[in-house]
Structure formats: structure tokens, C-alpha cells
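Remember, it's a predicted structure, so these values are computed and weren't measured experimentally. Both ligands and their constituent atoms are indexed starting at 1 by order of listing.
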Amino acid sequence: MAALCGRAVVCSLAGLLVLFVSVLLIRTYTWPERAVRQWHWKEPSGMELMEEEKEQLIEALKGAIRIPTVSFSEDKQNTTALAEFGKYIEKVFPNVFSSKLITHEVFGNYSHLFKVNGSDHTLQPYMLLAHLDVVPATPESWEVSPFSGVEQDGYIYGRGTLDDKSSLIGILQALEFLLKKGYKPCRSFYIGLGHDEEVFGHRGAKIMAEELKNRKVKLAFLVDEGLPVIDGIIPGLNCPVALIGITEKGSLTLKLTVNGSPGHSSFPPLESSIGILSAAVSRLEQNPMPNKFGEGPERAMFEHVASKFVFPLNIVMANLWAFSLVVSRFLAQSSSTNAMIRTTTALTIFQSGIKSNVVPPTATATVNFRIHPAQTVKEVLDIVRKTIQDERVELSVMNSFDPLPVSSHDVESVGYQILQHTIHSVFSGAPSAPAVCIGNTDSRYFVPLTNNIYRFNPVILKKEDLNRIHGLNERISKEALERLVQFYFQLIQNADIDKIPIPHRATHEL
Ligand SMILES: CCCCCCCC/C=C\CCCCCCCC(=O)N[C@@H](CC(C)C)C(=O)O
Ligand SMILES: [Zn+2]
Ligand SMILES: [Zn+2]
């Protein structure tokens with residue numbers, strides 16, 4: 001009898017195992033199935049750049065890099081360089097500045113807004129954004145001078161080659177080439193070039209967005225800087241994947257202050273302001289914010305590209321219902337993937353002390369949190385207070401905003417589809433996936449103008465290149481720059497698609 005029962009249990013377990021494995025395999029090899037509306041795309045013209053055009057483009061970027069448009073802080077920018085940059089683009093892109101189709105305005109002295117008037121006024125306009133300011137660079141740590149625009153081994157080096165002068169030059173150069181070829185857009189579009197993105201964009205993009213809102217402009221979609229085409233960044237993902245930022249994380253910057261008792265270092269207080277503050281920031285770093293994998297759009301990103309993972313990770317990614325815990329733990333291991341799954345905590349400034357034998361009265365620290373889409377500023381603040389648990393540490397909010405709304409990214413979404421189609425054709429069939437942009441962009445000021453904001457940088461980035469952004473030896477290959485221009489060249493033409501998509505056939509596609 002016992003043997004019979006034992007056999008029944010074994011059989012049931014075996015049955016369950018077979019069922020489990022079948023579900024995994026079915027979901028892996030038939031899912032995700034998404035009925036994709038196929039649109040009638042017109043073939044954009046002039047995909048290949050001529051040698052002369054390539055040369056013009058490379059020189060245009062090098063010249064832009066040589067103008068040190070550095071933003072140090074909101075009140076400290078290289079305004080001479082910002083003004084020079086305005087004159088520079090006017091010289092390098094004469095057709096953009098003289099075309100009868102285009103109007104040009106300057107905001108906040110150094111930001112530029114262009115409107116390219118299309119022929120079909122029934123189509124809602126769209127907008128391309130980029131910025132001309134850059135973060136500072138420490139020349140002594142670079143292999144080449146950061147503002148020399150030097151070319152080495154097929155790369156152009158310099159601050160801004162990735163963030164964001166490449167996109168700025170790419171957009172204007174694509175438009176310049178199109179105008180030269182006699183192209184006239186159907187759909188109107190705006191180009192916004194902010195001059196203070198790196199220091200919050202209050203005088204550039206924010207003012208431009210407010211003015212467009214006053215003019216009652218509504219945008220079909222907006223494309224700004226953001227996530228790249230990642231290559232080799234997620235282990236096991238065996239092809240380049242374009243990440244389209246459909247939302248961006250919120251941000252909270254806190255100043256922590258401890259006022260202690262100052263005095264002679266020969267009879268120090270039992271607890272100094274530095275000691276109390278150090279313990280507080282250490283607690284914040286040692287206790288990361290909760291892992292939120294699966295509660296925001298990051299889960300859809302992995303599902304979109306599940307089939308591109310190597311075996312057996314393809315099975316794991318297609319079955320996050322079963323494996324999300326293990327995947328989230330795995331993603332927490334590296335800084336770039338960790339940023340996707342939780343609110344991050346970055347200790348960025350620590351200040352105290354003036355002399356080795358003086359116990360300082362005050363210690364301050366700045367902590368910057370990037371808020372996961374499933375959390376809010378308020379929730380993060382509550383966790384911070386509970387984690388520090390020390391009344392002697394005063395908290396003050398320097399700036400904060402909640403995560404941005406999630407833009408539409410379904411088969412009916414005109415902007416997303418235009419972007420996805422353009423990426424597919426320019427990046428040799430690379431799949432794209434909706435994702436959370438971990439940094440903040442000027443595009444957040446345009447939320448009142450459109451529900452469809454996409455943050456995408458049309459450049460392939462490898463793991464070893466990630467730290468070049470805002471880091472040392474920032475560079476772009478000449479090939480990548482050409483591809484970036486082709487991207488905008490095609491995007492502008494693809495955006496002329498009719499506002500009502502024509503159903504063609506349904507298929508299964510990423
Ligand atoms: C699944 C893991 C994929 C991880 C991919 C990570 C790729 C990271 C590459 C680029 C980072 C995105 C950068 C987006 C633009 C950020 C621009 C910026 O620096 N903005 C400032 C704004 C601030 C208000 C001054 C910022 O600090 O965020
Ligand atoms: Zn940028
Ligand atoms: Zn930046």
C-alpha cells in the first residue's frame with residue numbers, strides 16, 4: 001500500500017515537472033506574441049553618405065567639440081563659448097539658417113528653437129531635442145585634450161562626443177543634407193537645442209517648453225537623448241539591443257547636516273559631527289532601496305528581448321513569472337543593471353573640517369537618489385528617515401521630482417513605431433525594447449505638450465564605453481557618427497508617415 005502511495009506521489013511530481021517544463025518551453029518559443037500592426041513605410045532616400053558628406057560631418061563635430069561650452073553650475077557656465085556655439089552652427093549649417101521653411105528663435109540667450117514647416121497641417125508636429133552644454137573635464141586625466149576634437153584610430157575624442165554634441169550636430173547635419181537634396185517635410189517639426197541641460201535646464205529647455213505651451217503647441221512625439229543601443233552590457237544577451245526610454249527615473253537630492261560641538265582636538269567630543277554624519281551616510285549606502293524588479297517597465301524590457309538571450313537564459317527571461325526573483329538578484333550585481341531595478345543611492349558630496357587639530361562644528365553631505373518608477377519622492381524620503389534613525393542628522397530637500405509618466409509604446413503609437421522602424425533599418429535589424437531611462441533629460445519639461453516622449457541615443461555602446469559618458473576619454477567612432485546622422489536622416493523622413501496607419505498584416509515580431 002505504502003509503495004503504491006509512494007509511486008503515486010512520484011508520478012504526480014513527475015507530471016507537475018513535465019507540466020512546468022512544458023509551460024516554460026511554450027512561453028519561450030511562442031511568446032511574447034504580439035500582433036504588430038505593419039505600416040506602409042515609404043523607403044527613405046539617400047541612406048549612404050558620400051565621402052564628401054562624411055568629411056563635412058566629421059569636421060562639423062570636431063569644430064563643435066573645440067568650443068568648450070562647459071556648465072559648472074546653474075550660475076557658472078562658459079557663456080562666451082555658448083555664444084560662440086550659436087555663431088558656429090549658423091556658419092556650418094547655412095541651409096538650415098537660410099531655408100524659407102524654417103524659423104529660428106533664441107531662448108535664454110543661448111538655446112535655439114527651430115521650426116521646420118511641413119506641407120501637411122493636418123499632421124501633428126513632433127520635436128527633436130539635444131543640448132549644447134557639456135559637463136566639465138579634467139584635462140590632466142585624459143589621454144588627449146578634451147576640447148581638441150582629436151581624431152585617433154578612427155575615433156573622435158572630446159567632451160560632448162557622446163553627450164550630447166554628436167546628437168546635436170547629427171540632427172542639424174541630417175537636416176542640412178535633406179534641405180540640400182530639396183527635401184520638404186510633410187509633417188512639421190521642432191528642433192530644440194538647450195544650453196543648460198547639465199545644470200537642470202531651467203533657462204533653456206524649460207523656457208522653450210513653457211513658450212510652446214503658451215502657443216498651444218501639442219506634439220505627436222518627442223525624441224531626446226537617452227539610452228543607447230547596448231552591446232554586451234547585459235550578460236547573455238547575444239546581440240545589440242536598442243533601448244528606448246519610455247519613462248525616466250525621478251530624482252531626489254538631499255543635503256544632510258550635523259551640527260556638533262566644536263573645539264580643540266586634544267579633548268574631542270565623544271561623537272563628532274563628522275562621525276555622526278559618516279555613520280548616517282554609511283547606513284544609507286549599506287541599506288540599498290528595495291529591489292523593485294517587475295513593478296515598473298523594466299520587466300517588459302527583458303520580456304521583449306527574451307528570445308535574444310542565449311540558452312538557457314532565453315527560457316528564464318521568457319518566464320519571469322517563475323524566475324523574477326533570481327533574475328532581479330542577478331541584475332543587482334552590476335551598477336548599470338542595478339540602476340534599472342531600484343532607486344539608487346549615490347553619496348556625491350561630503351564636506352567638513354578646516355584644520356587637523358580643530359574639531360569642526362558642522363559636517364554636510366549630499367546624497368542623490370534616482371527614483372524607480374514604482375516609487376515616489378515621498379516614499380523614498382520616508383525610507384531615508386527610517387534608515388538614518390538619528391534626529392541629529394538634519395535633512396533638507398535640495399531638489400526633487402517623481403518618475404516621469406510612461407509614454408505609449410504599443411502598436412498604435414505613431415512616435416514609438418517611427419522610432420522602432422528607423423532603428424531597425426539603421427542598426428541592421430537590431431531589436432528595440434522599451435526601457436527606463438536612468439538619467440534625466442531636458443525632455444521632462446515637455447510633458448505638458450505630449451504623452452509620447454522617447455529618450456534614445458542612436459549610438460552602439462559597449463560595456464567599456466559606459467564610463468566615458470561624463471567620464472574620461474569620451475569618444476565616438478567615425479562609423480558611429482555616420483550611422484547617427486543616417487538615423488536622424490531617416491527618422492525625419494519616416495516621420496512623414498500618415499497619421500492613420502494602414503493595416504497591412506499581423507505577424508509575430510519583437
Ligand atoms: C539593463 C541595463 C541596461 C543599462 C544600460 C545603461 C546605459 C547607460 C547609458 C547612458 C545613460 C543614460 C543617460 C541619459 C541621459 C542623462 C543626461 C544627464 O546626465 N542628465 C543629468 C540631468 C540633471 C538634471 C543635471 C542627470 O544627472 O541625469
Ligand atoms: Zn546629455
Ligand atoms: Zn550629460
Side-chain angles (χ1 to χ4, degrees), residues 69-74 77 129-137 159-168 193-202 204-206 224-237 240-245 247-253 293 296-305 308-309 317 327-328 330-342 344 346 348 368-371 398-401 403-404 433-445 454-471 474:
T69 51
V70 178
S71 289
F72 297 94
S73 68
E74 279 201 85
Q77 290 191 272
L129 272 190
H131 62 91
L132 52 125
D133 64 324
V134 293
V135 291
R159 179 58 87 222
T161 48
L162 289 170
D163 178 16
D164 184 37
K165 285 181 175 169
S166 45
S167 280
L168 183 149
L193 310 175
H195 74 273
D196 59 349
E197 188 277 342
E198 298 291 3
V199 286
F200 294 100
H202 289 153
K206 187 167 185 250
D224 194 4
E225 65 173 329
L227 298 167
V229 181
I230 54 166
D231 187 8
I233 289 174
I234 303 180
L237 188 55
V241 171
L243 300 181
I244 301 175
T247 178
E248 71 188 48
K249 290 177 98 175
S251 181
L252 165 65
T253 304
F293 181 67
E298 69 285 340
R299 182 182 174 126
M301 176 182 107
F302 286 96
E303 290 172 345
H304 261 77
V305 290
K308 306 292 174 190
F309 276 86
M317 295 301 175
V327 169
S328 71
F330 171 70
L331 294 174
Q333 304 307 312
S334 111
S335 59
S336 57
T337 48
N338 183 51
M340 288 275 168
I341 60 167
R342 60 159 46 91
T344 49
T348 50
N368 180 231
F369 301 88
R370 298 300 172 112
I371 305 171
M398 296 175 76
N399 61 64
S400 68
F401 51 90
L404 278 293
V436 179
C437 188
I438 55 179
N440 295 119
T441 69
D442 268 349
S443 70
R444 67 187 179 283
Y445 298 117
Y454 305 108
R455 298 108 180 139
F456 177 64
N457 190 358
V459 169
I460 299 179
L461 268 197
K462 293 183 185 288
K463 195 167 189 163
E464 57 269 28
D465 294 325
L466 281 182
N467 288 338
R468 294 179 192 271
I469 307 170
H470 285 202
E474 187 177 345

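Closest to atom 8 (C) of ligand 1 by heavy atom, among Val199, Leu466, Thr441, Asn368, is Leu466. Around atom 23 (C) of ligand 1, the closest heavy atom drawn from His131, Lys249, Glu197, Glu74 belongs to Glu197.
Looking from atom 5 (C) of ligand 1 to the surrounding protein, the closest heavy atom is Ile230 CG2, 4.1 Å. Shortest contact from atom 11 (C) of ligand 1 to any protein heavy atom: Ile438 CG1, 4.4 Å. Looking at atom 10 (C) of ligand 1, its nearest protein heavy atom turns out to be Ile469 CD1, 3.8 Å. Looking from atom 12 (C) of ligand 1 to the surrounding protein, the closest heavy atom is Gly226 O, 3.9 Å. Considering only non-hydrogen protein atoms, atom 27 (O) of ligand 1 sits nearest to Arg370 NH2, 2.8 Å. When only non-hydrogen protein atoms are considered, atom 18 (C) of ligand 1 lies nearest to Asn440 O, 3.4 Å.
Heavy-atom minimum distance, Ser336 versus Ile233: OG-CG2, 3.8 Å. Considering every non-hydrogen atom in both Thr247 and Pro297, the closest pair reads CG2-CG, 3.9 Å. In terms of heavy atoms, Leu243 sits closest to Leu227 at O-CB, 3.3 Å. In terms of heavy atoms, Met340 sits closest to Val436 at CE-O, 3.4 Å. Contact between Phe200 and Arg444 at its shortest, heavy atoms only, is O-NH2, 3.5 Å.
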Under the side-chain contact (heavy atoms from CB on, under 4.5 Å) rule, what do Val305 and Met317 come out as? Steps first, then yes or no, please. CA-CA 8 Å; Val305 290; Met317 295 301 175; over 6 Å; no
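Summary: OE2 is the N/O/S atom of Glu198 found nearest to the Zn ion (ligand 3). The N, O or S atom of Asp163 with the smallest distance to the Zn ion (ligand 2) is OD1.
Remark: side-chain polar atoms of Glu298 are not paired, donor with acceptor, to backbone N or O of Ile341 under 3.5 angstrom.
Among the backbone and side-chain atoms of Glu225, an N/O/S atom is found under 2.8 Å from the Zn ion (ligand 2). Among the backbone and side-chain atoms of Asp164, none of the N, O or S atoms lies under 2.8 Å from the Zn ion (ligand 2). Distance check for His131 against the Zn ion (ligand 3): none of its N/O/S atoms falls below 2.8 Å.
Near Ile234, the atoms of ligand 1 lying under 4.0 angstrom from a non-hydrogen atom of the residue are 1 (C). Contact atoms of ligand 1 toward Cys437: 14 (C) (distance under 4.0 Å to a heavy atom of the residue). For ligand 1, the atoms sitting less than 4.0 Å from at least one non-hydrogen atom of Glu198 are 19 (O), 25 (C), numbered in the order shown with element in parentheses. Under a 4.0 Å criterion applied to the non-hydrogen atoms of Met340, ligand 1 contributes the atoms 1 (C), 2 (C), 3 (C), 4 (C). Taking every non-hydrogen atom of His470 and a distance limit under 4.0 Å, the qualifying atoms of ligand 1 come out as 19 (O).
Salt bridge status for Arg455 with Asp224: absent, with no side-chain N to carboxylate O gap under 4.0 Å.
When non-hydrogen atoms are compared, ligand 1 lies under 4.0 Å from neither the backbone nor the side chain of Arg455. Of all the heavy atoms of Ser251, none lies under 4.0 Å from any atom of ligand 1, so neither backbone nor side chain is involved. Heavy atoms of Met301 found under 4.0 angstrom from ligand 1 belong exclusively to the side chain. Contacts with ligand 1 closer than 4.0 Å are made by side-chain heavy atoms of Arg444 only, the backbone lying farther away.
The one candidate from Gln77, Lys165, His195 that meets the side-chain hydrogen bond (donor to acceptor under 3.5 Å, both in side chains) condition with Thr69 is Lys165.
Atom CG of Asn467 has 12 or fewer neighbouring heavy atoms from other residues, nucleotides or ligands inside a 6.0 Å radius.
Side-chain contact annotation: Asp163 with His131, donor-acceptor N/O pair under 3.5 Å present.
Inter-residue side-chain proximity for Thr441 and Leu129 is flagged as unmet; no heavy-atom pair is nearer than 4.5 Å.
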